Amino acid sequence: MSNGKILWVDDEIELLKPHILFLKNKEYEVTTCNNGYDAVEMVASTPFDLVILDEMMPGMTGLETLPRIKDAKPNLPVVMVTKSEEESIMDKAIGSKIADYIIKPVNPNQVLLSVKKNIHRRQLVSQQSTADYRAEFGKIAVSLGDARSFDEWCNIYRKLINWEIELTDSDDSSIKEILEYQKNEANVEFGKFIKRNYATWINSRDKSAPTMSHTLMRDKIFPVVDNSSKTTLILIDNFRYDQWRCIGGMLSDWYDTANEELYCSILPTATQYARNAIFAGLTPLSIDKLMPNRWLNDNEEGGKNLYEEEFFRRLLQSSGHGTLNATFDKLVRPEAGRKLIDNIQHIYDADFSIIVYNFLDILSHARTETEIIRELTDSEASFRSLTASWFEHSELFTLLKMLAQKGHTVIITSDHGTIRVDNPIKIVGDRDTSSNLRYKTGRSLNGYNPKAVYEVTKPEEVQLPRGNISSTYVFATSRDFFVYSNNANQFTRYYRETFQHGGISMEEMMVPYIVLKPKK
């Protein structure tokens, strides 16, 4: 079986017989050609895995042949062989998207290295990544039992996401299953960790607790604003760390990453609670007490996030930032991004701008409700890919480039993440029970196993308001989701493998916080 098919194009091909024989001995099929015209025809009619192309040929040069090969087969890797290392020649070759280049005199091992790098790169990287993860599996397993702080859990989560991304292209299904198992195991242990520590954190008034939704402005955002002439905060709903990893590289031409960390979303990890807490700088219970006419409980009719800007303006005053020229824009529909760009001057003029971007929340819900979106995002990897594709062609990407040109420091964060759920657990509640699949609040919650959930019988102890005097909260952990006994099968079929939020998982609670500084 051949290792790959190579076309070698050189007007002095006879002199290269030793090199060609060397490749054939390595089980490559090598076809030769001595001019660019024939090379273009051969590429168009024959499937090759790689072209080795001489830069200096009479008639049509290698640089002239290269774009014609690319026109015929855009994804075919071409290795340029050249006598010259002149910068202008290399710029032209690289600009025409060569895969690699070799400087004459040609060395057989140099050729083999380039061939392997371009034909077998994915296979070799996959094999090495698989071996590396197998070696680290045990270390991660030990760290699950040893983690004692939120920062240590963040390190575990980052490692798991790094491996998930690293192994995306791996053909080894068994290693992916092992990684998924370990990630699920980590979420089970993380749920236990949250049960032990959450009440202490949410009531803490010192640095012993991690930064949480209601302290994010005070701990992280205002210090950046105080040290920057222009700051824009972009809050992307439902935005996870793995999604940041997929889009962050696209911004490297415009920004340097000054800070990249994770903060802890409050519970429930839902917009009504977490985002209001961010902009108010208060826990949900405090918002309800101080501004009862601005807080709606789950069982009350009406919009639950109608007063974010009012909360933000109040926080500016109470934090000593009342003199800032600040703007607040909330983009609920995709077309609102274009409208904002057309009227961007108010953001340029402001000291501190906030832009709430809801598209990923829309995408998550569309995945649940639309069959074609569900098929396009049937795994974590495909959901990341769809996120990257959206971002690359989005108004948000355009907006970020414009802000970089104006010298704005940009903060990108979210209010919570999402998790792909697959395990239904039954619960019983009355008709006023909240509808969220990852948490329930109401008067008569029962029928569940208390060990399988995080049960809060006294909401004020975790800074949550009561819908009525006997309300309790129950949170799903790991990849569980709540279903009612009378329609359990229907709910399970509809919601299994969908992305949900509101409960306890690394994906929902470990929220990316990134500070970007524009490149000079």
Side-chain angles (χ1 to χ4, degrees), residues 1-132 166-172 175:
M1 184 176 175
S2 170
N3 278 330
K5 297 181 69 174
I6 300 168
L7 174 63
W8 198 323
V9 187
D10 195 303
D11 62 304
E12 297 178 329
I13 200 70
E14 293 296 320
L15 301 178
L16 298 170
K17 279 186 177 180
H19 302 307
I20 294 166
L21 182 60
F22 177 77
L23 290 176
K24 286 182 177 179
N25 287 337
K26 297 291 183 180
E27 298 185 352
Y28 291 96
E29 289 183 44
V30 183
T31 303
T32 61
C33 173
N34 63 9
N35 67 85
Y37 300 102
D38 290 344
V40 173
E41 289 184 9
M42 294 170 74
V43 164
S45 61
T46 307
F48 290 104
D49 297 303
L50 178 75
V51 175
I52 301 175
L53 179 63
D54 186 31
E55 182 253 319
M56 289 296 293
M57 293 188 297
M60 187 160 63
T61 67
L63 287 174
E64 293 168 336
T65 305
L66 178 59
R68 299 193 186 189
I69 290 176
K70 286 294 182 180
D71 286 342
K73 297 287 177 67
N75 296 319
L76 178 61
V78 178
V79 175
M80 184 74 76
V81 180
T82 176
K83 288 181 180 178
S84 174
E85 292 185 74
E86 283 186 31
E87 187 176 349
S88 60
I89 293 175
M90 298 317 300
D91 284 348
K92 287 180 182 178
I94 293 167
S96 299
K97 298 182 180 178
I98 60 167
D100 200 0
Y101 67 90
I102 298 171
I103 304 297
K104 290 183 178 181
V106 174
N107 178 289
N109 287 317
Q110 187 182 12
V111 174
L112 182 62
L113 179 63
S114 185
V115 167
K116 282 194 169 188
K117 184 169 68 174
N118 289 287
I119 295 181
H120 308 296
R121 181 182 181 279
R122 177 175 170 178
Q123 176 188 351
L124 294 172
V125 169
S126 174
Q127 290 173 348
Q128 186 61 50
S129 296
T130 298
D132 290 345
E166 186 80 14
L167 295 169
T168 296
D169 295 329
S170 174
D171 297 323
D172 188 341
I175 200 69

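Nothing here was measured: the structure is a model prediction, and the numbers come from that model.
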Side-chain donor/acceptor pairs under 3.5 Å, residues 7-14, sequence neighbours excluded:
from: Asp10; atom 1: OD1; to: Glu12; atom 2: N; distance (Å): 2.8
from: Glu14; atom 1: OE1; to: Lys17; atom 2: NZ; distance (Å): 3.2

Do any side-chain atoms of residues 32-41 form donor-acceptor pairs under 3.5 angstrom with protein atoms, and if so which ones, sequence neighbours left out?
from: Asn35; atom 1: OD1; to: Tyr37; atom 2: N; distance (Å): 3.1
from: Asn35; atom 1: OD1; to: Asp38; atom 2: N; distance (Å): 2.8
from: Asn35; atom 1: ND2; to: Asp38; atom 2: OD2; distance (Å): 2.8

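A donor-acceptor contact shorter than 3.5 Å links the side chain of Thr65 to the backbone of Thr61.
Scanning for side chain to side chain contact (heavy atoms under 4.5 Å, CB included) contacts around Asp100 gives Val79, Ser114, Lys117, Asn118, with sequence neighbours left out. Partners of Lys24 by side-chain hydrogen bond (donor to acceptor under 3.5 Å, both in side chains), not counting sequence neighbours: none found. Scored by the side-chain hydrogen bond (donor to acceptor under 3.5 Å, both in side chains) test, Asp132 finds Gln128 as partners (sequence neighbours excluded). With sequence neighbours excluded, no residue forms a side chain to side chain contact (heavy atoms under 4.5 Å, CB included) with Ser45. Scored by the side chain to side chain contact (heavy atoms under 4.5 Å, CB included) test, Asn107 finds Asn109, Gln110 as partners (sequence neighbours excluded). With sequence neighbours excluded, the residues that form a ring pair (Phe, Tyr, Trp, His ring centres under 6.0 Å) with Tyr28 are His120.
Taking the side chain as every heavy atom from C-beta outward, Lys5 and Thr46 approach each other to under 4.5 Å. In this structure, Asp54 and Met80 have side chains that are not in contact, with every pair of non-hydrogen atoms separated by 4.5 Å or more. Put simply, the side chain of Ile6 does not reach to within 4.5 Å of the side chain of Asp49, judged on heavy atoms.
The environment of Met60 atom CE is dense: over 12 non-hydrogen atoms of other residues, nucleotides or ligands sit within 6.0 angstrom.
When Val43, Thr31, Ile98 are each tested for a side-chain contact (heavy atoms from CB on, under 4.5 Å) with Val51, only one passes: Val43.
Smallest separation of non-hydrogen atoms from Glu55 and Thr82: OE1-OG1, 2.9 Å.
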